[in-house]
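Have a look at the structure below, then the notes.
Residue numbers count from 1 along this sequence.
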Amino acid sequence: MNTDPACFTHALCRTPARSAVKGIRADGGPDPDFTGLLAEHEAYVGALRDLGLSVEVLEPLDDFPDALFTEDVALTFPEGAILLRPGAPSRAGEVAHIRAALAAHHAHILEMTGPGYADGGDILRLADRVIIGLSARTDRTGAGELATLLGQLGYRAEIAETPPGVLHFKTGCGLIDERTILAVPALAGCRQFEGLEVVATPPGEAPAANILRIRDTVLVGDRWPATHALLAARGIAIRPLPTDQIAYIDAGLSCMSLRW
Ligand code: CIR
């Protein structure tokens, strides 16, 4: 089994379509600025490349405003990929559009058939297992089916709860390193984190929890100085990235790529 971010060599991203400014958001807030959104996406892809990943960037899909969040439609492992069933009806059609790109890299592709749902944003890979967070997008039936498919690839799954009001499990937490999790206070006591060190996001910086470890560097939103200091004090190399515009449509750093 290999879920180690230190071993990532590839990423799959998708350029935001013009329609991305109409992406889903829970609070009905204003649209992001398209030029700014594009710039944030470009900075993100650039960072992944700087860190040594081979990044494929797929064409924008105007019919699917949220399709730039490739993380939600599939899971990718060295042993194979799993096509998911996103829980938002407007995102279901994105899966068909990522299949060919994944097939070019993964000989072994498994697929959820339903009736349950699971979003990739709810899946946290640890060194020895995979946590599936139940949320408004991932239901118990979907989590059960996904756990079976993960088992076929050799991965043990555990099911956890996402706190109310948090979109995805990984909206509220991310891996600092193999044994350490950064989590919002509402997730810090998560039973599935027992045995790991859990570091809470500093006051006022809950959105910083969606960090993304790539090799020996942690990508983190650039608006969170206390989180930067916390990571730096632990000797972690950080790469701050702008996330102002994607935050308008409830997204963070992990959402914009699939990694393996
Ligand atoms: C959505 O609500 O589906 C998008 N607007 C945001 C998706 C964020 N993805 C993620 O956290 N993995």
Cluster check [X], [Y]: I/L/V/M/F/W/Y, side chain < 4.5 angstrom:
| X | Y | answer |
| --- | --- | --- |
| Ile238 | Ile214 | no |
| Leu124 | Val198 | yes |
| Leu175 | Phe169 | yes |
| Leu58 | Val55 | no |
| Trp260 | Leu83 | yes |

Are [X] and [Y] side-chain neighbours, meaning at least one heavy-atom pair lies under 4.5 Å?
| X | Y | answer |
| --- | --- | --- |
| Leu102 | Ile109 | yes |
| Leu241 | Glu40 | no |
| Ile82 | Leu146 | yes |
| Pro60 | Arg18 | no |
| Leu187 | Val166 | no |
| Arg14 | Met256 | no |
| Pro202 | Trp224 | no |
| Val130 | Glu158 | no |

Indicate whether the side chain of Glu145 and that of Thr113 have a donor and an acceptor atom separated by less than 3.5 Å.
yes
Distance only, no hydrogens: is a donor on one side chain within 3.5 Å (strictly under) of an acceptor on the other, for His97 and Glu59?
no
Least distance between heavy atoms, [X] atom then [Y] atom:
| X | Y | answer |
| --- | --- | --- |
| Ala118 | Met112 | CB-SD, 3.8 Å |
| Ala127 | Glu178 | CB-OE2, 3.6 Å |
| His106 | Gly80 | ND1-C, 3.9 Å |
| Leu182 | Thr227 | CD2-CG2, 3.9 Å |
| Val57 | His41 | CG1-CE1, 4.4 Å |
| His168 | Asp119 | NE2-OD2, 2.7 Å |

Give the C-alpha distance, both sets of side-chain angles, the deciding distance and a yes or no for side chain to side chain contact (heavy atoms under 4.5 Å, CB included) between Glu79 and His108.
CA-CA 7 Å; Glu79 298 82 0; His108 191 32; 5.8 Å; no
Evaluate the salt bridge (Lys or Arg N to Asp or Glu O under 4.0 Å) criterion for residues Arg137 and Asp72: first the C-alpha distance (whole Å), next the side-chain angles of each, then the deciding distance (0.1 Å), finally the verdict.
CA-CA 10 Å; Arg137 302 289 178 86; Asp72 292 321; 5.6 Å; no
Nearest-0.5 Å distance, [atom1] of residue [X] to [atom2] of residue [Y]:
| X | Y | atom1 | atom2 | value |
| --- | --- | --- | --- | --- |
| Thr217 | Arg239 | OG1 | CZ | 8.5 Å |
| Ile236 | Asp216 | CD1 | CG | 9.0 Å |
| Glu56 | Leu12 | CD | CG | 5.5 Å |
| Thr243 | Leu37 | OG1 | CG | 11.5 Å |
| Leu196 | Ile176 | CG | CD1 | 11.0 Å |
| Ile123 | Thr138 | CD1 | OG1 | 5.5 Å |

So with a 6.0 Å cut-off around [atom1] of [X], is the heavy-atom count from everything else above 12?
| X | atom1 | result |
| --- | --- | --- |
| Tyr117 | OH | no |
| Phe64 | CZ | yes |
| Glu197 | CD | yes |

Using a strict 4.0 Å threshold on nitrogen-to-oxygen distance, state whether [X] and [Y] make a salt bridge.
| X | Y | answer |
| --- | --- | --- |
| Arg99 | Glu111 | yes |
| Arg223 | Asp244 | yes |
| Asp31 | Arg25 | yes |

Short side-chain to backbone donor-acceptor contact, [X] and [Y], under 3.5 Å:
| X | Y | answer |
| --- | --- | --- |
| Tyr248 | Pro30 | no |
| Gln245 | Asp33 | yes |
| Glu161 | Leu134 | no |
| Thr141 | Gly116 | no |
| Asp66 | Arg91 | no |
| Arg85 | Pro115 | yes |
| Asn210 | Gly174 | no |

Assess whether side chain to side chain contact (heavy atoms under 4.5 Å, CB included) is satisfied between Ser257 and Val45, documenting all intermediate values.
CA-CA 9 Å; Ser257 64; Val45 169; over 6 Å; no
Under the salt bridge (Lys or Arg N to Asp or Glu O under 4.0 Å) rule, what do Arg191 and Glu194 come out as? Steps first, then yes or no, please.
CA-CA 6 Å; Arg191 199 161 46 80; Glu194 267 169 29; 5.8 Å; no
Please report the C-alpha distance between Ile131 and Leu126 in whole Å, then the side-chain angles of each, then the deciding distance to 0.1 Å, and finally whether the side chain to side chain contact (heavy atoms under 4.5 Å, CB included) criterion is met.
CA-CA 7 Å; Ile131 298 181; Leu126 300 177; 3.6 Å; yes
Less than 6.0 angstrom from the centroid, inside 45 degrees of the normal: does Arg259 satisfy that with respect to the ring of Phe77?
no
After noting the C-alpha distance and the side-chain angles of Leu219 and Tyr44, does the key distance pass the side chain to side chain contact (heavy atoms under 4.5 Å, CB included) rule?
CA-CA 9 Å; Leu219 309 187; Tyr44 179 82; 4.1 Å; yes
